[in-house]
Every structure is written in structure tokens, then in C-alpha cells.
Amino acid sequence: MSKKVLILSSSPRRGGNSDTLCDEFLRGAQEAGHEVEKIFLKDKTIHYCTGCGVCNEGKPCPQKDDAPEIVRKMVAADVIVLATPVYFYTMSAQMKTLIDRCCAGYLEIRDKEFYFIVAAAETSVAAMERTIDGFRGFLDCLDNPQEKGVVYGVGAWHKGDIQGKPAMKQAYEMGRNI
């Protein structure tokens, strides 16, 4: 059965290591027959949540940016991939800003499958668990999320370092096996 897959790439570098892993996941998912869209967050305008509370009253966020469109796509997707480079053992600002802006629709993001992709210069998978814990904290706020897999792109500092690493095959296979 074909699924609607949404990949959220938060790398500030197009073709950076985490973004390259997203492309491998995308390739695998498309080859398996799924409908796949990748959003490169750097190309979008996403303002910080101001904590105004308007969305808590059932009204749309008053900010005029791309966040509501992305959240709508998250609601419509069957599978969501959250991908980030790891900076100081946590997710990128671009990803955290988007997650914070999910306040206006997070109750509608339900029954989704989630995959996480992280890439870092760090060579220890254990050191990246803080980043994964941040993603899991987001999922803890959702209704019936299913964490399906994690790709750890370790030992990738400079753009292109991820090439030839086991994470490339893992990302592709994870996409193919949705």
C-alpha cells in the first residue's frame, strides 16, 4: 500500500550530510512506490513561536509565514521523517523552530509513523541520543505516534563526509522498507 511520506530536512546546507541521507531515504521510498515530498526548511520562512496563545483558542496563528502550510502537510502525511544535523548534541535551530510552531496543529498530527535522521562529526551513536530524545519529546505530545527507525550518520563533519558510510545504505533501506 502506497503511503504519503513527508521528509523535513533541517540542514542549513543543501547537500549537507543529513540532507544527503534524506535524499537516500527519499530514493528508497520512491522506488518502493510511495508518494514522497521533501521540504528543505532553509527554503522556507518560519518565524519563532511568540507564545501569544491564539492557537490555543482554536484560531489560526497570526504569523504570516510557511509554518501553517508545513504543519498541514504533516497532518496529511502517513510517514514523517525528521532530519537534522547535530549541533552541540541537539537538533538544529531550524528543526526546533518548526516543532515549536506545531502548537497550532499538533493535536491533528496523529497516527503517524516517524523516522529520525541525524548526522554529526561525533563518532559515538550514544552521544547523539540527546538529539533523538528531543524528537521523542515532540512525539510524546502527539496522539499515537509510532517511532519506526533512526539513521545515525556518524563521523560526518564536512559536506560530503557521509558518502560511503553505512548510514547511506541504512537511509535507503529504511525508505524502501516503509
Is it the case that one hydrophobic cluster holds both [X] and [Y], taking links as side-chain heavy atoms less than 4.5 Å apart, direct or via other members?
X: Trp157; Y: Ile162; answer: no
X: Val81; Y: Met128; answer: no
X: Ile132; Y: Leu8; answer: yes
X: Met168; Y: Ile178; answer: yes
X: Phe114; Y: Ile70; answer: yes

If you compare all heavy atoms of [X] against all heavy atoms of [Y], which two are closest, and at what distance to 0.1 Å?
X: Asp19; Y: Arg13; answer: CB-O, 3.9 Å
X: Ile117; Y: Ser18; answer: CG2-O, 4.2 Å
X: Val154; Y: Val125; answer: CG1-CG2, 3.9 Å
X: Leu41; Y: Ser10; answer: CD1-CB, 3.8 Å
X: Gly153; Y: Leu21; answer: CA-CD1, 4.0 Å
X: Val54; Y: Pro60; answer: CG1-O, 3.5 Å

Test item: [X] side-chain N/O and [Y] main-chain N/O as donor-acceptor pair under 3.5 Å:
X: Lys112; Y: Ala77; answer: yes
X: Arg130; Y: Ala127; answer: no
X: Ser124; Y: Ala126; answer: yes
X: Thr20; Y: Gly15; answer: yes
X: Asp143; Y: Glu108; answer: no

From [X] [atom1] over to [Y] [atom2], what is the distance, rounded to the nearest 0.5 angstrom?
X: Asp133; Y: Leu139; atom1: CG; atom2: CG; answer: 12.0 Å
X: Lys148; Y: Glu113; atom1: NZ; atom2: CD; answer: 4.5 Å
X: Glu173; Y: Gln170; atom1: CD; atom2: CD; answer: 9.5 Å
X: Phe40; Y: Ser11; atom1: CZ; atom2: OG; answer: 5.0 Å
X: Phe138; Y: Met91; atom1: CZ; atom2: CE; answer: 9.5 Å
X: Asn144; Y: Ile109; atom1: CG; atom2: CD1; answer: 13.5 Å

Checking side-chain contact (heavy atoms from CB on, under 4.5 Å) for the pair His34/Lys4: CA distance, chi angles, key distance, verdict? CA-CA 6 Å; His34 300 291; Lys4 195 171 197 174; over 6 Å; no
Using a 4.5 Å cut-off on heavy atoms from C-beta on, say whether the side chain of [Y] contacts that of [X].
X: Met174; Y: Val151; answer: yes
X: Thr84; Y: Thr131; answer: yes
X: Pro166; Y: Lys169; answer: no
X: Met95; Y: Phe135; answer: yes
X: Leu142; Y: Arg110; answer: no
X: Asp65; Y: Arg101; answer: yes

Do the charged groups of [X] and [Y] touch, with an N to O distance under 4.0 Å?
X: Glu69; Y: Arg72; answer: no
X: Glu35; Y: Lys3; answer: no
X: Arg136; Y: Asp140; answer: no

Intermediate values then yes/no, side-chain hydrogen bond (donor to acceptor under 3.5 Å, both in side chains), Tyr152 and Glu122: CA-CA 10 Å; Tyr152 293 95; Glu122 177 66 57; over 6 Å; no
Tested for side-chain contact (heavy atoms from CB on, under 4.5 Å) against Leu6, the lone hit among Val79, Ile39, Leu82, Val75 is Ile39
Between Asn17 and Asp161, is a side-chain hydrogen bond (donor to acceptor under 3.5 Å, both in side chains) present by the stated rule, with each step listed? CA-CA 7 Å; Asn17 295 309; Asp161 283 352; 5.2 Å; no
Please report, to 0.1 Å, the donor-acceptor pairs under 3.5 Å made by any side chain of residues 42-53, with sequence neighbours excluded.
from	atom 1	to	atom 2	distance (Å)
Lys42	NZ	Pro12	O	3.2
Asp43	OD1	Arg14	NH2	2.9
Asp43	OD2	Arg14	NH2	2.4

Check the pair Tyr115 / Ile80 against side-chain contact (heavy atoms from CB on, under 4.5 Å), numbers first and verdict last. CA-CA 6 Å; Tyr115 293 85; Ile80 299 172; over 6 Å; no
Which of Glu24, Glu31, Arg27 passes side chain to side chain donor-acceptor pair (under 3.5 Å) with Tyr172? Answer is Glu31
Is it the case that atom OH in Tyr89 sees more than 12 heavy atoms from other parts of the structure closer than 6.0 Å? no
Within 6.0 angstrom of Tyr106 OH, more than 12 heavy atoms from elsewhere: no
Could you please spell out the steps behind the side-chain contact (heavy atoms from CB on, under 4.5 Å) verdict for Ile7 and Val5? CA-CA 7 Å; Ile7 300 172; Val5 180; 4.2 Å; yes
